[in-house]
Amino acid sequence: MSGFGKGCHLHLIDGSAFIFRAYHALPPLTRKSDGLPVGAVSGFVNMLQRYVEGNTGPDAATHVAVIFDHSGASFRNAIYDQYKAHRPPAPEDLKPQFPLTREATRAFNIACHEIEGYEADDIIATLSCRAREAGGRVTIVSSDKDLMQLVGDGVEMLDPMKNKRIDREGVEEKFGVGPERVVDVQALAGDSVDNVPGAPGIGIKTAALLINEYGDLETLLDRAEEIKQPKRRQTLIEFREQIEISKKLVQLDCEMELDFTIEELEIRDPEPEKLLGFLAEMEFRTITKRIADKLGVDAPTVADVIPDGPDAAPADAPETLPFNPDDYECVSDVESLKGWIAQAYERGYVAFDTETTSLNEMQAELVGVSLCIEAGKACYVPIGHRASATDDLFGGNARAEGQLDLNEALGLLKPMLEDESILKIGQNMKYDSKVLSRYGIMLGPIDDTMLMSYALFAGIHNHGMDTLAERYLDHTPIPIKSLLGSGKSMITFDRVPVADAVKYAAEDADITLRLWERFKPQLHQQKVTTVYETLERPLVPVLERMEMRGVKVDRDTLSRMSNAFAQKMAQLEDEIQKAAGRDFNVGSPKQLGEVLFDDLSLPGGKKGKNGAYSTGADILEDLATEHELPRLVLDWRQLSKLKSTYTDALQNHIDPETGRVHTSYMQTGANTGRLSSTDPNLQNIPVRSEEGRRIREAFVAEPGNVIVSLDYSQIELRILAHVAGIDTLKQAFRDGQDIHALTASEMFDVPLEEMTSDIRRQAKAINFGVIYGISGFGLARNLRIPRAEAQGFIDRYFERFPGIRAYMDETVKFAKDNGYVQTLFGRKIHTPEINAKGPTAGFAKRAAINAPIQGTAADIIRRAMVRMEDAIKGLPVKMLLQVHDELIFEVEEGAEDKLIEKARAAMEGAADPAVKLDVKLSVDAGVGSNWAQAH
DNA sequence: CTAATCACG
DNA sequence: GACGTACGTGATTAGC
C-alpha cells in the first residue's frame, strides 16, 4: 500500500508524555551491569508493547508515529519568555534515558520524530490536519488536554491510561465548549503547569460560560464593556494583551513544515532481532522473554549481547563488505544531491565528513563533503576544488568543472545537517562542526566514532581513523599523503583532482559509518554508554564554543618580553662562553655535556644507550655548587624556553581576524579523561616562576571586561580521601585545614602550631607522590634526600594512613583481574601492560593507581563544563579556557561576583547527583584585568 | 623523525 | 637480587 487517504488510520503517540509518566510511575531502576538508569525506558517499552498488542480491531492503525518534544526552547518562548518557565529541569537520571526511548521506538520499527523549535503537540497538530484533509482517520494517543483542540472530523484522542476514547462530546464535557473553541477557553483560563498566564481569576468554567455567550474570544474581548459582572469586565479589559498572548501560546501550529511525509509512517512489523537485541541490551529480562514468546522466537540472553572483553566480536557483527573505491559516487548535480539527502532522511542517520584547505578550523575553507548511508554506499560532493594543482598563469586558480555551487550545495545540505531527527555520524566532529559554523550551519545532533572509541578503548590504542579502520575493519585507508604529498611541495585539498578526492573522501565517510555500526552496540556491552552520553558527547559543543571564542592576547606585551629575553640571553651567552673557555651552542645538550664533563671534568657521567651526557635541570642544579657555568646555563635555558615557546610562538597564534588566540582541545588526548590543548597549548602557560608568570599578563580581557579564574582546591587529594576512605583526611577537608601541614603533623608528630615550612614541603611532596603511585626512588629524587630516608617516609605514611595502601593494592588487583581501572563516573582506563614483567610493570602499576584519581577529577570538571553554560545563562560571560582543574572566564565588569557565585556552585556541585562525595569540593576564585592577576 | 628538555596540572 | 622508577600532557630544538 502506498499513499494516505480514505480508509487509512493514523495513530500519533505523544512520546514525551509516555516518558514522564513512565519515569514517575516506576522506581528508579538501573541496569544491573553498569548502573545506567533505565526505569523510564522500561516503562516506556512496556507502554509501547501494550499499545502494539492492543492495535487490532476496527480502530487499528495503518500508520503510526511516536512524536517527541524537542529539547530546548520552542517558538513559544519567543512569544512569551516565561512559557513553561516554572518547569523544573529534567531529573539527572532521566536525561540519559531520552535518547534511549528514541532507540526503543526505532527498535519497535515505529517511526519517531521531533523537530527543533516546536513541541510534540505542534507536530501532532500538523499531522492531524493533513491526515484529515486526506480523508483519513486520526487517533492521538495522549491525555494532554492541550491536544483536545484537534478533535473532530475523524480526529479522536485516546487516553492510554484509562483506555478511553475522547471525541467531540468528550471535549465538550471537559471544556464546556467544542474543540474549535478550546483554545479560547484555555487562553482565558490559563495553565499554571505550562505557565500560561490567562486572565487572573477566570477558570475553565467561567471561560466556557463567557465563550458560549459571546461566540468566540475575539468577540468577547471586543465587547468586554458589555459584561455585567464588574470584576470580570475589568479583568478582561485590563488583561486583554495577556489573554491574547495566552491564546498564541495554547494555539497549536497546524501548518508546520515537516521533514517527513505521512506516507512514511506506514505501519511496519517489528524485526525480532533488532527489537530483542535492544531489549536484551537494556537487560530487561522479563519483557525480552515475553516479547520473544509473542514473536515466536527464542529470547536472547544478556550474555548473548554482552561478550567478555572489548575485543570480543559483537553478537551481530556486520559481515565484512569489501571497500570498493569505484563504487563511490561523485555528486555534481542538484537532483543527485537531493537523492542522497532523501536517503539520509529515510534512515534517520548519515555518516558525514568535510574536506577543507587547512587543519586550522578558524581558517579552513570548505572544499567538499562526503556522505555515507550504509556500508559501501557513499558519495562525495565537491564544492570548492580548483582547476589545477598549482596557481599558474593560465587560470589554475579557477574553479574545477563539474561542481555544485557552494551556496547551492550548502543550502540543500543545511536543513538536513541541522535537523534534530537526523543523526550525523562523524570522526572528530568538533572539527567539521567548527568549519560548518563559519558557513552558518549549526551541525547537530552528532555521534562521534572517535569519542566512542575513547570511551571504549582508552589505554589500548589511539583513536585516529587510520588506527580504528585497521583494527576494526581490517582496512588501510588511502593515505592523505598520497593526495597532498608532504613537506614543502604539499598542496591543499582544493587542488586535489576531483576524481581522486571522491575515492579518498567518500571512503572516510564509509569507514566512519562502519565504525559506528560496530561501536554503537559496544557502548552498552562495555557499560560506557553513560560515559559517552554524559562526559563525551555533550562536551563537543562546549569545547567548540570555547575554541571559537578564543582568548585575547596582547601582542605588544609579548613582543616587549621577547626583546627583553633576547637581550638577557645574549648577555648570558657571553658569560657562558667565558666560563666555558670556548664558543659552543648553549642550546645543544650534546655540546654542553662535552663542555661540562670533558672540558671542565665536572662530576657526573654518561647516561642512556646513546652514550650522551645527561644535562637535565636536576643535574645542572646539583652541579651549580661546583661551578658557575651550570647556573648560567639554567638561567639561559629558562629564558630560551620562555621566549621560543611562549613570547615568540604565541604571537604567531594570534588570529588576524579576531585578534585572539584559539587553542584546540583534544578530547581523546589523555587516557585518563583529561583534555589536552594544542596549537597552541594553553594548558602549560608558565606560572611557577616569577619571570614566567608574567607571560600571563598578556592574556587580557576586552575593555570593560575582566578575567575570572576558578580552580578546584586540592581536588585530587580530596578524591583520594574519598575513594580510599581516609577519615582523618576527610575530616581535615571538612574543617578546611591545611592538608599538607596536617599530613606533616601526622607523620612527623609535630603539632600544627610548630610546623615549619620545610617539614610541610616534604609532606606536600609525599602527598603528591601518593597520587602518582609513590616509590622510594622517586620521592628521594624529588626531595633530594637519600633513598632509605625517603622509603622511611613512605613506610611511615602508610603506617599512619593504612587505607591508602589498601586502596592502592585493591586498584592494582582490579587492574590485573580486569585489564582496566575505573573512575567514580564509570570511565574505563585500560591497563594492557599491568601484567607485564620487568620495569614496565612498575610503570603500569603507578599509572593504574593514578588513573582513577586523575580521571575522576577530569570527569568532575567535564561535568561542570557541560552544565556551565546553563548555570551562567543570562550573564555577560564567556567561558574561555580549561586547565585541568581551572576554568577561565571573560566577564563584563560588574558581573564578576554573580559569575563567581553561579560558576562556583556549578563546579562544587559537579559530582552530584551521580556520585555522592564524602568530601566537599572547594573552588577558589580570582579576578583581574589579565590572567596573571586573576590566578 | 627521535630524543632531550622543560612548561603546566 | 637487580631491574630503574614518580602520574598525565605538548612545543621546541638539535642532530641524526
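Fair warning: this is a prediction, and the values are worked out from it, not measured in the lab. Letters A, B, ... are given to chains in the order of the sequence lines, protein chains preceding strands, and every chain is numbered from 1.
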Can you list every salt bridge (charged side-chain N to carboxylate O under 4.0 Å, His left out) pair that touches residues 774-788 of chain A, not counting sequence neighbours?
A:Asp622-A:Arg784
Does anything in residues 799-809 of chain A form a salt bridge (charged side-chain N to carboxylate O under 4.0 Å, His left out)? List the pairs, not counting sequence neighbours.
A:Glu746-A:Arg800
Contact residues, [range] to DNA chain C [heavy atom, < 4.0 Å]:
| range | answer |
| --- | --- |
| residues 813-829 of chain A | none |
| residues 634-647 of chain A | A:Lys641, A:Ser644, A:Thr645 |
| residues 841-848 of chain A | A:Phe843, A:Arg846, A:Ala847 |
| residues 776-797 of chain A | A:Phe777, A:Leu779, A:Arg781, A:Asn782, A:Arg787 |

Quiz: residues 832-845 of chain A side-chain donor-acceptor pairs under 3.5 angstrom, not counting sequence neighbours:
none

Which pairs pass side-chain hydrogen bond (donor to acceptor under 3.5 Å, both in side chains) with one or both residues in residues 816-827 of chain A, sequence neighbours excluded?
A:Glu536-A:Arg827, A:Lys813-A:Asp817, A:Thr823-A:Asp859, A:Arg827-A:Asp859
Would you please indicate if the ring centroids of A:Phe793 and A:Phe748 are separated by under 6.0 Å?
yes
Convert the base pairs of DNA chain C into dot-bracket notation, remembering that pairs crossing earlier ones are written with [ ] and that bases paired across to another strand are shown as |; include only Watson-Crick or G-U pairs under 3.5 Å.
......|||||||||.
Could I get the full list of side-chain contact (heavy atoms from CB on, under 4.5 Å) partners for A:Ala851, not counting sequence neighbours?
A:Thr672, A:Val821, A:Ile829
Can you list the residues that meet the side-chain contact (heavy atoms from CB on, under 4.5 Å) rule with A:Leu675, with sequence neighbours excluded?
A:Leu539, A:Leu543, A:Tyr665, A:Gln667, A:Gln683, A:Arg862, A:Met865, A:Gln882
By a strict heavy-atom criterion of less than 4.0 Å, which residues belonging to residues 925-935 of chain A are in contact with DNA chain B?
none
